[in-house]
Visitor: 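Can you keep this structure in mind? I'll have questions shortly.
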Amino acid sequence: MNYPINKPFLPNFAAYQAQLESIYQRNWLTNNGPCVQALEQQLTDYLGVEYLLLVSNGTVALQLAYAALGIQGAVLTTPFSFAATASTLCWEKLTPQFIDIDASTYNLDVSLITAEQAAKASAILGVHVFGNPCDVAAIDEFAKQNQLKVIYDAAHAFASPVGDKSALCFGDAATLSLHATKLFHSIEGGAIIFKDKATYLKAKQMVNFGFDAEQFPEYVGINAKMSEMHAAMGLCVLNEFEQVLTHRQTLVQEYQRLLSGVVQLQQWHADGMNNGAYMPVVLPSEMELQRVSAALLEQGIQTRRYFYPSLSQVPAYGQRGATPIANDISARIVCLPLYTDLTLDGVREICDALTTILAEGQR
Ligand SMILES: Cc1ncc(COP(=O)(O)O)c(C=O)c1O
């Protein structure tokens, strides 16, 4: 067997080549070119959002969101995420205050924020973990009561609805990663979706050194521009995205059917729908996780400890906040192979191998 943990989706080569030929003819490679403009428009329409800005990756998307919204001081966030969630806060000289997660959804549990923590913070940074929307209604309500801004690291939440809206419609800003391993990608890339037009316009300048229309640096900016070649890849992937999404959702449903009652599965938002971005499973203990992962790898099946370690246990991120649930889940969670090339038979083979290895451990 040969099942890597992930394989980037490659759209039709001739379609990408045609895009590249047009870029060569125009000789307009970056600085808000026609491909970037077209992708921004198409994503805005596809996702049903309003103020969407493309940037060079999902990490800088987070940094720009904090800067454009003027976030300062402490930020209440989850320790159960990828390094970039916390590292971007530290990079912007903000202080991550870690709040524990819900043991079944793996998302930040807003009911655990104390009055004292809320009083000292300027924002909540939630993560829609593995694409599963946070309890956006509860976070919104809490933020209003405590005058906090809300940012969602929605790196995984492309094509993830809450009711009849995209999860990206919630918060003062939501950020996407369009990295090659993501459900929808532009090789490297990211996007920020703002609630408010003025902040969006400010961020649009910040992406390009803070320059205004007269090339005067009105704000402290950065270079976070997406190139035409990256946007062209995004346009080609978007063209085939419906098939990608449907296929990956079918794969996840098959995984869930075969593994329900065998391992702990993530509980999804009641008004949402799994977007087929990741296939995490929680095992009974860290020792069992190590045994099972090693045995799967021996059979050619890769797994990934994602997310590990819990970010509240990383000295470089300040270790503020006791988060026993996140620490426990981080130690026991692993992602199984999931990519567009994977077949239903592949999922069955992986589940067979996993079930057999788990049963062997019980003997
Ligand atoms: C939750 C989360 N946030 C942020 C990022 C950073 O995105 P990028 O790799 O595009 O910089 C990632 C990337 O995997 C992620 O998983």
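Just follow the structure's listing: the first ligand is 1, and inside any ligand the first atom is 1. Note that these values count all heavy atoms, side chains included, but never hydrogens, waters or copies made by symmetry.
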Visitor: Can you list every ring pair (Phe, Tyr, Trp, His ring centres under 6.0 Å) pair that touches residues 16-40, not counting sequence neighbours?
Guide: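 Found none.
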
Visitor: Answer yes if Leu64 and Leu62 sit in the same cluster of Ile, Leu, Val, Met, Phe, Trp and Tyr residues linked by side chain heavy atoms under 4.5 Å apart, and no otherwise.
Guide: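 Leu64 and Leu62: separate clusters.
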
Visitor: Just checking, is any N or O donor in the side chain of Ser310 or Asn327 under 3.5 Å from an acceptor N or O on the other one?
Guide: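 The answer is yes; a qualifying pair exists.
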
Visitor: Enumerate the pairs of nitrogen or oxygen atoms, one from ligand 1 and one from the protein, separated by less than 3.5 angstrom; state names and distance to 0.1 Å.
Guide:
{"residue": "ligand 1", "atom": "3 (N)", "partner": "Asp153", "partner atom": "OD1", "Å": "3.2"}
{"residue": "ligand 1", "atom": "3 (N)", "partner": "Asp153", "partner atom": "OD2", "Å": "2.7"}
{"residue": "ligand 1", "atom": "7 (O)", "partner": "Ser177", "partner atom": "OG", "Å": "3.4"}
{"residue": "ligand 1", "atom": "10 (O)", "partner": "Gly58", "partner atom": "N", "Å": "2.8"}
{"residue": "ligand 1", "atom": "10 (O)", "partner": "Ser177", "partner atom": "OG", "Å": "2.7"}
{"residue": "ligand 1", "atom": "11 (O)", "partner": "Gly58", "partner atom": "N", "Å": "3.3"}
{"residue": "ligand 1", "atom": "11 (O)", "partner": "Thr59", "partner atom": "N", "Å": "2.9"}
{"residue": "ligand 1", "atom": "11 (O)", "partner": "Thr59", "partner atom": "OG1", "Å": "2.6"}
{"residue": "ligand 1", "atom": "14 (O)", "partner": "Lys182", "partner atom": "NZ", "Å": "2.6"}
{"residue": "ligand 1", "atom": "16 (O)", "partner": "His156", "partner atom": "NE2", "Å": "2.8"}
{"residue": "ligand 1", "atom": "16 (O)", "partner": "Tyr306", "partner atom": "OH", "Å": "3.1"}

Visitor: Mind listing the side-chain donor-acceptor pairs of residues 233-242 below 3.5 Å, one per line with the distance, residues two or more places apart or on another chain?
Guide:
{"residue": "Glu240", "atom": "OE2", "partner": "Asn12", "partner atom": "N", "Å": "2.8"}
{"residue": "Glu242", "atom": "OE2", "partner": "Tyr46", "partner atom": "OH", "Å": "2.6"}

Visitor: Residues two or more places apart in sequence or in another chain: which of them pass side-chain hydrogen bond (donor to acceptor under 3.5 Å, both in side chains) with Gln313?
Guide: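 Per chain and number, Gln313 pairs via side-chain hydrogen bond (donor to acceptor under 3.5 Å, both in side chains) with no residue.
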
Visitor: Using the benzene-type ring in the case of Trp, are the ring centres of His156 and Phe307 under 6.0 Å apart?
Guide: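 Ring centroids of His156 and Phe307 are less than 6.0 Å from each other.
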
